[in-house]
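Being a predicted model, the structure only gives us computed values, none of them experimental. Each ligand, and each atom within it, is numbered from 1 in the order the structure gives.
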Amino acid sequence: MSLPSHRAAVFLGTLLVTLAAGAHAAAPKAYVGNFNDNTVSVIDTAAGQVIATVPVAPGPHGMATTPDGRLVYVSSDAASVVSVIDTASDKVARTIEVGRTPHGLAMTPDGKLVIVGVYGEDRLAFVDAGTQAIVGTVGVPKPHTVAVRPDGKLAYVASQEPGNFALVVVDLATRAVVRKVALPKPPRDPEFGNDGKALYFTMAGSNAVQVLDPETDKIVAEIPTGASPHIAAWFRGAPVGTVVVQGPGEILLFDPSTNAAKRSITVGKQPHWISAAPDGKTVYVTNEGSNDVSVVDLQSGATKTIAVGNGPRKVIVQRVAAGTAGGKVSIANFAFSPAELVVRPGDAVTWSNDDGAPHGLAFSDGARGTGQLLPGASFSRTYDHAGIFDYVCAVHPYMTGKVIVRAP
Ligand SMILES: [Cu+2]
């Protein structure tokens, strides 16, 4: 006779445990904009399933996230706003009026500015990620998508004005156009490789990825693909570069050092976009034609499929696991893993050299690092204050990492 209340207690206990687990979810979440039903699907990357569906303004298009993973920005193609999702609650915290038909979004590496391609008004808008206010604009004809150089100094904008197709280069300090790279066809999407040494971009009607040297703004290579390549990216930590190829429904893997194609992996129908997990080894590909997301292991080529909403276009994965406690970074294969880490003020971060070669640590804020960290050795630093702290390997400066310190 006490069974019902006993059951209720068990149920309540389960519910509390579930809620507690949700509040401290360690895995990063992937956010998928569903163009046809005006929602964003939220995927728990550890569980591999959708855990929330967030209504947003019509025509979710461009997406960006702050480096700490706290906010996700979604532009609405069929409206004039950017929605700001608070990833702690997975609700829209506010909308920002930016002008008609906003397309691509990009975040500066310091997490301070969101750059919005306001296609319908021929300008970029700069949104302060602290106040969520527009703090500047610059005229760019028909801005579609935006790539920010990893040093945060320049943005390359795909400008789709008929007869005047170009990559428009904007200085982010002065917020002025500094030059244009004229193109024969409409640019689709530009993306910098994670080391900033190449800009990969695609053009409508060209079955190849263009590789541009940003030092000279010259195209130095082409990577032939199947029909309709859309986005090419080389994510931090990724063993290969990746191209989403819409026609055959595949991703093409390439070697970023030679620009040679390696292999193709079949995904869903009409794939659209790609984003990587924080370690760069797993990628999430939206399939606009099959209403799902392919999760691809870049080493093995193994794929999994997660059903999402109608017409998934953009996807962005949090670059860090929100609420990860403590800080351990492994140095292996000439890379920091994770390359981005969130800790709380007062936490220590420990780097362990798990590699066969000596490395070191140089902090860009001038804190004492170590010139040489031999294999098997470790080094710790305590972070007292909130902020974003960049560092590099003292021996191999192309090895980069970031510690984000923020209060819970
Ligand atoms: Cu090193």
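Ring orientation note: the planes of Phe192 and Tyr156 are nearly perpendicular, at an angle over 60° on the 30°/60° scale.
Of all N, O or S atoms in His396, the one lying closest to the Cu ion (ligand 1) is ND1. Restricting His359 to its N/O/S atoms, the shortest distance to the Cu ion (ligand 1) is reached by ND1.
No donor-acceptor contact under 3.5 angstrom links the side chains of Tyr284 and Trp273, judged on distance only.
Taking the six-membered ring where the residue is Trp, the centroids of Phe334 and His359 are separated by under 6.0 Å.
Here the Cu ion (ligand 1) is the vertex; the SD atom in Met399 and the SG atom in Cys393 give an angle of 110° (to 10°).
Among all heavy-atom pairs drawn from Pro239 and Gly280, the shortest one is CD-O, 4.1 Å.
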